[in-house]
Amino acid sequence: MTIEQQLRAAALEAINELYGAQPEEKMLQVQLTRKDQKGDFTIVVFPLLKVSKKKPEETGEDLGRFIQEKLPMVVGFEVVKGFLNLSLSPNFWVERLNELAVNADFGMQPASADAPLMMIEYSSPNTNKPLHLGHIRNNLLGFSLSRIAAANGYRVVKTNIVNDRGIHICKSMLAWQKWGQGATPESTGKKGDHLVGDFYVLFDQHYKAELKEFTEQKGMSKEEAEKASTLMAEAREMLLKWEAGDAEVVSLWKTMNAWVYAGFDVTYKKLGVDFDKIYYESDTYSVGRDMVLEGLSKGLFNRRDDGSVWADLSAQGLDEKLLLRSDGTSVYMTQDIGTAKLRFDDYNIDKMVYVVGNEQDYHFKVLSLLLDRLGFDWGRDLVHFSYGMVELPEGKMKSREGTVVDADDLMEEMVATARDMARELGKLDGYSDEEAEEVYRMVALGALKYFMLKVDPRKNMTFNPAESIDFNGNTGPFIQYTHARIRSIFRKAEEKDIAWKGSAPVGLVLNEKENNLIRSLVSFPNVVREAGAAFSPAIIANYIYDLAKEYNQFYHDNPILFEEDARVRDLRLTLCHAVAQVIKKGMWLLGAGVPDRM
RNA sequence: GGUCCGGUAGCUCAGUUGGAUAGAGCAACAGCCUUCUAAGCUGUGGGUCAUGGGUUCGAAUCCCUUCCGGAUCACCA
């Protein structure tokens, strides 16, 4: 039984015995005492006045006396303005500290073999351009969520759906054929995803020029020009050839996609994310089409005169949704249905989570209804983990205006900043170049990951490049630094032959900072649970920041190795050890590492 | 226009199932390194929690109004 549960039980008993009442769940609130007040746990007495029929102060006193008598670890209480603040004995806290300090699984709930299986889809790139800032948020969220789910006892399968087909790929291919002059990643020294992305841009430029020519010189309207475009017609033709399995087109498609995948792999690796299973839309779209046709034959959907297939969702308060074009080809929705089918054939999925931006809220509402209609019992409770967009201080990223922040560039810049700063501060003197580079990378990525994950995922966020490379204050490096300092203490302890017993002795009086730290540490498992329930890495991020902040205050005010009382020193070293462990775990849940030195 | 999401300090963000005097960081200013890493710590200033109402012992939090911002409503993905 947790301490909160014990306090609740004691309070319930008190109310029953003193006032002869059985309060509802909501009436009894046990929470951590505010930092500016004396005490550890607080019971709010206001809701209980109805049954006590007494003033808040008297009710608080009644309960406090009863609970203190009932529970030996409660050593004192104070009633302040209708709040009953209970103080627990230092020994109680020291015992909790000793338990959690040696528990390798503290805060984590390992998955058993028959634990529910959660599949998490994230990343989901198109193969026509490199990853950018928006993808970074997606990837970091998806990866962190998978670790948080794993820490909450789920078996987790990380998956990715690659949009490798469609008109956009054909645009890049066509541009390469026309103007590429046989360029390859090898011949140009460019990452494959960037090279292909360049051709996509090139197509767009030529297309725009063509439109301009038609409208300005031939006096066409914009629509007329779009219809008359020979480039677009060629791209469409290429798509038809692709769907027909034309050997030459398919071969080029395979080649160029391979370049992109090689490029993506490098980016994923640098970002530190990975997948257990990757699906490709080129494999799933036909499955989706078959399912839609099957649904059509069962009367779930309807076909219009032009041959297109639609789902009528007006009964669910939505409108009609296209599932197959009049020419029989698949749309986005069709592909997602096919992908879902394949996934559920491959795995025994209990919970399906899609990490996709909030601009697709409607899409997933519809997908959920459609899967349900098609008879998948998991359709209705699929989770669309809907996160907000990333904007720049000057507004949205616009590829036309060249304000898109490239993922590879961003990471490189941050590593360079970390390197400069560490060298300037002389932090890693004595490390080999390889060791130092490792730390630069860890700090840079820690900064990026923390920066993006500390914000509530549902909200839009502003990415300020200047702030992202600031490693002071509420940042990933601040947390990593706290960890490095602690590791440094233990290195020094060895050098100075100061022995640490590995646990804290009972019978000490705790100062305020020590007490606060233990209370924070004890709440870590709750934080992991909350983050899991709310699908929010931000809850973890904010918690470790608070913990690190508290630790730094403690560190500043209290001697650790220089403490002469060996018993107090053991307590503080145990605290340091536990804080380092929890910081490391918390950062791990965010997908970030912590260095021993920095 | 319909639907959905959001609005908290100059800026970026926290704020638990409604609880005590709404908190951090950045920026500004003033301090702290001959002691365990100053990527740190301490202090000062900075708020009609967009707005108006309601619910109640108590509202940034729940309900409604209005204003502002964003997303979405494609034979795009």
Side-chain angles (χ1 to χ4, degrees), chain A residues 25-26 29 31-37 42 44-47 49-50 56 80-83 85 124 126 163 166-168 281 304 306-310 317-319 321-327 329 331-333 335-336 357-363 365 386 388-389 391 393 396 418 421-422 424-427 443 447 451 454-456 458-464 466-467 470-482 484-493 496 498 526-527 530 534 538-539 541-542 545-546 548-549 552-553 555-563 572 576 597-598:
Chain A
E25 272 289 301
K26 290 207 80 172
Q29 298 171 37
Q31 49 200 231
L32 282 173
T33 302
R34 286 168 55 116
K35 286 224 184 76
D36 54 1
Q37 297 287 331
T42 294
V44 186
V45 305
F46 285 112
L49 301 182
K50 273 181 209 151
V80 184
K81 294 201 290 187
F83 296 89
N85 298 329
S124 317
N126 290 341
N163 181 9
I167 191 76
H168 51 284
E281 286 188 355
R304 288 187 184 170
D306 62 5
S308 57
V309 176
W310 297 74
L318 305 174
D319 52 12
K321 188 76 192 171
L322 177 83
L323 298 179
L324 289 176
R325 297 192 186 96
S326 51
D327 63 3
T329 55
V331 292
Y332 183 38
M333 189 63 74
Q335 291 165 183
D336 264 358
N358 62 10
E359 73 270 14
Q360 293 190 32
D361 285 355
Y362 183 73
H363 173 81
K365 207 181 273 182
S386 165
M389 329 189 52
E391 289 171 15
K396 286 182 200 168
M421 192 170 297
E424 191 183 319
L425 297 170
K427 292 287 189 176
V443 171
F451 190 88
K454 72 175 176 182
V455 181
D456 183 340
R458 290 166 309 175
K459 293 186 181 172
N460 288 358
M461 66 173 293
T462 305
F463 183 87
N464 186 326
E467 280 176 24
D470 183 355
F471 295 167
N472 302 312
N474 187 356
T475 65
F478 169 86
I479 293 160
Q480 293 171 319
Y481 177 68
T482 307
R485 271 176 148 184
I486 295 175
R487 298 314 315 158
S488 173
I489 290 171
F490 283 95
R491 280 195 302 274
K492 280 273 156 58
K496 297 186 180 208
I498 295 174
N526 293 333
V527 172
E530 266 178 54
I539 291 174
N542 288 312
Y545 173 69
D546 287 339
K549 181 103 189 128
N552 280 319
Q553 292 166 1
Y555 175 94
H556 184 264
D557 295 348
N558 297 281
I560 298 164
L561 293 178
F562 292 106
E563 170 58 44
R572 293 186 180 157
C576 290
R597 278 182 61 183
M598 68 180 274

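Sequence lines set the chain letters: A, B, ... in the order given, protein chains first and strands last, and positions in each chain run from 1.
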Colleague: Quick one: CD on A:Q360 to CG on A:D336, what's the gap to the nearest 0.5 Å?
Modeller: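 One finds 8.0 Å between CD of A:Q360 and CG of A:D336.
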Colleague: Return the nearest nucleotide to the side chain of A:K459; candidates are B:G6, B:C41, B:U21.
Modeller: B:G6
Colleague: When the distance from NE2 of A:H556 to P of B:C36 is rounded to whole Å, what number comes out?
Modeller: 12 Å
Colleague: Measure from CG on A:L324 to P on B:A74 and round the result to the nearest Å.
Modeller: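 Taking atom P of B:A74 as the reference, CG of A:L324 is at 17 Å.
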Colleague: Any N or O donor-acceptor pair under 3.5 Å from the base of B:A20 to the side chain of A:T42?
Modeller: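 A donor-acceptor contact between them is present.
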Colleague: Any idea which of B:G19, B:G7, B:A39 is nearest the A:F46 side chain?
Modeller: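 Within the option list, the nearest is B:G19.
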Colleague: Examine B:A39: is either OP1 or OP2 under 4.0 Å from a nitrogen or oxygen in the side chain of A:Y481? Give yes or no.
Modeller: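 The answer is yes; a side-chain N or O of A:Y481 sits under 4.0 Å from OP1 or OP2.
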Colleague: Calculate, to the nearest 0.5 Å, the distance between atoms NZ and CD1 belonging to A:K492 and A:I489 respectively.
Modeller: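 Answer for the NZ-CD1 pair, A:K492 versus A:I489, is 9.5 Å.
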Colleague: I'd like to know if A:D319 reaches the base of B:A74 with its side chain such that a donor and an acceptor end up less than 3.5 angstrom apart.
Modeller: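 No such pair is found, so the answer is no.
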Colleague: Please find out if less than 6.0 Å separates the ring center of A:Y545 from that of A:F478.
Modeller: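 Yes; A:F478 has its ring centre under 6.0 Å from that of A:Y545.
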Colleague: So, is A:K321 near the phosphate of B:C73, with a side-chain N or O under 4.0 Å from OP1 or OP2?
Modeller: no
Colleague: Should A:R325 be listed as having a side-chain N or O under 4.0 Å from OP1 or OP2 of B:C76?
Modeller: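 Yes, A:R325 has a side-chain N/O under 4.0 Å of OP1/OP2 on B:C76.
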Colleague: Rounded to the nearest 0.5 Å, what's the gap from CD on A:E563 to CD1 on A:I498? Could you check?
Modeller: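 Between A:E563 CD and A:I498 CD1, I get 11.0 Å after rounding to 0.5 Å.
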Colleague: Establish, with yes or no, whether the OP1 or OP2 oxygen of B:G19 is under 4.0 angstrom from a side-chain nitrogen or oxygen of A:Q31.
Modeller: no
Colleague: Would you state whether a donor and an acceptor, one from the side chain of A:K26 and one from the base of B:U17, lie under 3.5 Å apart?
Modeller: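 Side chain to base: no pair below 3.5 Å.
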Colleague: Nearest to the side chain of A:E281, heavy atoms from C-beta on, is which of B:C57, B:G25, B:A77?
Modeller: B:A77
Colleague: So, is A:R485 near the phosphate of B:A38, with a side-chain N or O under 4.0 Å from OP1 or OP2?
Modeller: yes
Colleague: Quick one: is A:K549 getting a side-chain N or O under 4.0 Å of the B:G40 phosphate, OP1 or OP2?
Modeller: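 Checking A:K549 against B:G40: no side-chain N or O falls below 4.0 Å of OP1 or OP2.
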Colleague: Strictly by Watson-Crick or wobble contacts shorter than 3.5 Å, is anything paired with B:A38, and which nucleotide is it?
Modeller: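 Across all strands, not a single nucleotide pairs with B:A38.
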Colleague: Syn or anti for B:C33, given that syn means the glycosidic angle lies within 90° of 0?
Modeller: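 It is syn.
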Colleague: Tell me the interatomic distance from A:L49, atom CG, to B:G58, atom P, rounded to whole angstroms.
Modeller: 12 Å
Colleague: Do the two ring centres, one from A:F451 and one from A:F463, sit under 6.0 Å apart?
Modeller: yes
Colleague: Let me know the distance between NZ of A:K454 and P of B:U12, rounded to the nearest Å.
Modeller: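 It is 12 Å, rounded to the nearest whole Å.
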Colleague: Can you tell me the distance, in whole Å, between the CG atom of A:N460 and the P atom of B:U12?
Modeller: 12 Å
Colleague: Identify which nucleotide among B:C11, B:A77, B:A20 has an atom closest to any side-chain atom of A:E467, counting heavy atoms from C-beta outward.
Modeller: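 The answer is B:C11, which lies nearest to the side chain.
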Colleague: Quick one: A:D456 CG to B:G6 C1', roughly how many Å, whole number?
Modeller: 11 Å
Colleague: Expressed in angstrom and rounded to an integer, what is the separation of A:D557 atom CG from B:C36 atom C1'?
Modeller: 14 Å
Colleague: So do the side chains of A:R491 and A:R597 get within less than 4.5 Å of each other, counting heavy atoms only?
Modeller: yes
Colleague: Please determine whether a side-chain nitrogen or oxygen atom of A:N472 lies at a distance below 4.0 Å from atom OP1 or OP2 of B:G40.
Modeller: yes
Colleague: Reckon A:K81 has a side-chain N or O less than 4.0 Å from the OP1 or OP2 of B:G58?
Modeller: no
Colleague: Is any side-chain nitrogen or oxygen of A:K492 closer than 4.0 Å to OP1 or OP2 of B:U37?
Modeller: yes
Colleague: Taking atom P of B:C13 as reference, at what distance in whole Å does atom CZ of A:F478 sit?
Modeller: 20 Å
